[in-house]
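In what follows, a structure is listed as structure tokens, so that the remarks can point back to it.
Everything numeric here is computed off the predicted structure, so don't read it as measured data. Both counts, for ligands and for their atoms, begin at 1 and track the order of listing. The residues of the chain are indexed from 1 along the displayed sequence.
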Amino acid sequence: MAEAVEPLAGLEVGGLRAAPGQRVTGLVAIDLGEAVAELPIVLVNGAGGGRRVGITAGIHGAEYVSIAALRRVVMELDPARLRGSIVAVLTANPAAFAARSIYLNPLDRQNLNRVFPGDPAGSASQRLAAWLDQNVITGADLFIDMHCGDMNEALVSFTGMELTGEPAVDALSRRVADAYGLDFLVIGPLPGSTTTAAATRGIAAVLGEVGGLGQWPEADVGRHAAGLRRALVAAGVLPPSAATGPAGGSSTLLTQEAWLRSDVSGYWHPRIAVGERVTAGQPLGEVRDAFGTVLRSVDAPIDGVILFLVTSLAMNDGDPLLAIGAP
Ligand SMILES: [Zn+2]
């Protein structure tokens with residue numbers, strides 16, 4: 001006896017509609033109150049049934065590797081070989097992209113990845129988060145958020161996920177994160193983020209981070225793109241033969257993360273490099289005043305590896321300095 005198979009349906013998001021076997025692109029206008037955002041969206045509806053995958057890039061507007069890699073993967077994949085569907089938002093924060101803005105949406109000076117699940121009656125970032133939450137995350141079986149270091153951040157490549165307590169969901173997140181094949185896998189929540197919003201409602205979710213510093217060299221774009229293709233293969237929406245590009249590796253598991261922030265504005269003089277292993281108590285750098293006098297010395301609170309490092313001399317009160325990940 002054959003299993004019941006759901007008839008293939010049209011895929012519809014924000015007024016765009018893709019029939020089975022079709023890829024559709026368009027700019028979708030989102031009312032943010034004080035402005036209208038035009039989100040470049042790609043719908044790919046597979047020729048066969050399967051999981052629905054939501055993917056975003058450019059939640060932070062100056063994270064170019066993620067933006068370039070997502071566009072490449074979804075515009076190149078063959079809808080006839082896709083089982084399931086993809087809703088991809090290629091540049092999720094257009095005002096931040098246009099302004100080349102670090103961390104913040106210039107419309108309201110909010111970090112879009114700290115206000116999820118958003119508020120449809122709130123500020124510009126809260127409205128944008130709410131639209132993405134309702135149209136790209138909700139209804140997905142898997143959500144992938146692509147980032148890299150911001151314009152002032154160097155980072156080692158890593159994936160992130162968190163545990164929902166639902167074994168099948170957590171197993172899918174882990175399989176997809178492992179397939180992405182980056183240097184580290186960080187397990188833990190980030191309140192207000194896309195992936196935590198997804199996990200909170202029981203949707204498998206993975207963060208991918210490759211490259212940074214406002215650059216988008218082919219080595220990084222190719223690596224992010226290849227990781228995403230392997231992730232889509234692992235989710236069963238692409239066939240194994242679609243996993244092209246540079247090979248992935250196995251990720252070192254990290255379950256602790258220490259984010260260090262500056263509590264003073266000044267000049268940041270790090271003493272360590274991204275990817276370096278450090279031990280608790282080790283001096284990591286100083287924030288100095290304009291004349292070079294040390295205002296703050298920063299020591300490592302735990303043993304671990306430097307996951308990302310702010311490289312700009314300019315440092316502001318409240319901004320991140322670096323993050324350390326540990327097993
Ligand atoms: Zn980011």
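- Under the salt bridge (Lys or Arg N to Asp or Glu O under 4.0 Å) rule, E76 has a single partner from R229, R71, R81, which is R229.
- Salt bridge status for R127 with D108: absent, with no side-chain N to carboxylate O gap under 4.0 Å.
- Under the 4.5 Å side-chain heavy-atom criterion for Ile, Leu, Val, Met, Phe, Trp and Tyr, L313 and F308 are members of distinct hydrophobic clusters.
- Residue H147 approaches the Zn ion (ligand 1) most closely through its N/O/S atom ND1.
- Taking 4.5 Å as the limit, some side-chain heavy atom of P94 sits within range of a side-chain heavy atom of L39.
- Checking H60 against the Zn ion (ligand 1), an N/O/S atom falls under the 2.8 Å cut-off.
- Here E63 meets the criterion, with an N, O or S atom under 2.8 Å of the Zn ion (ligand 1).
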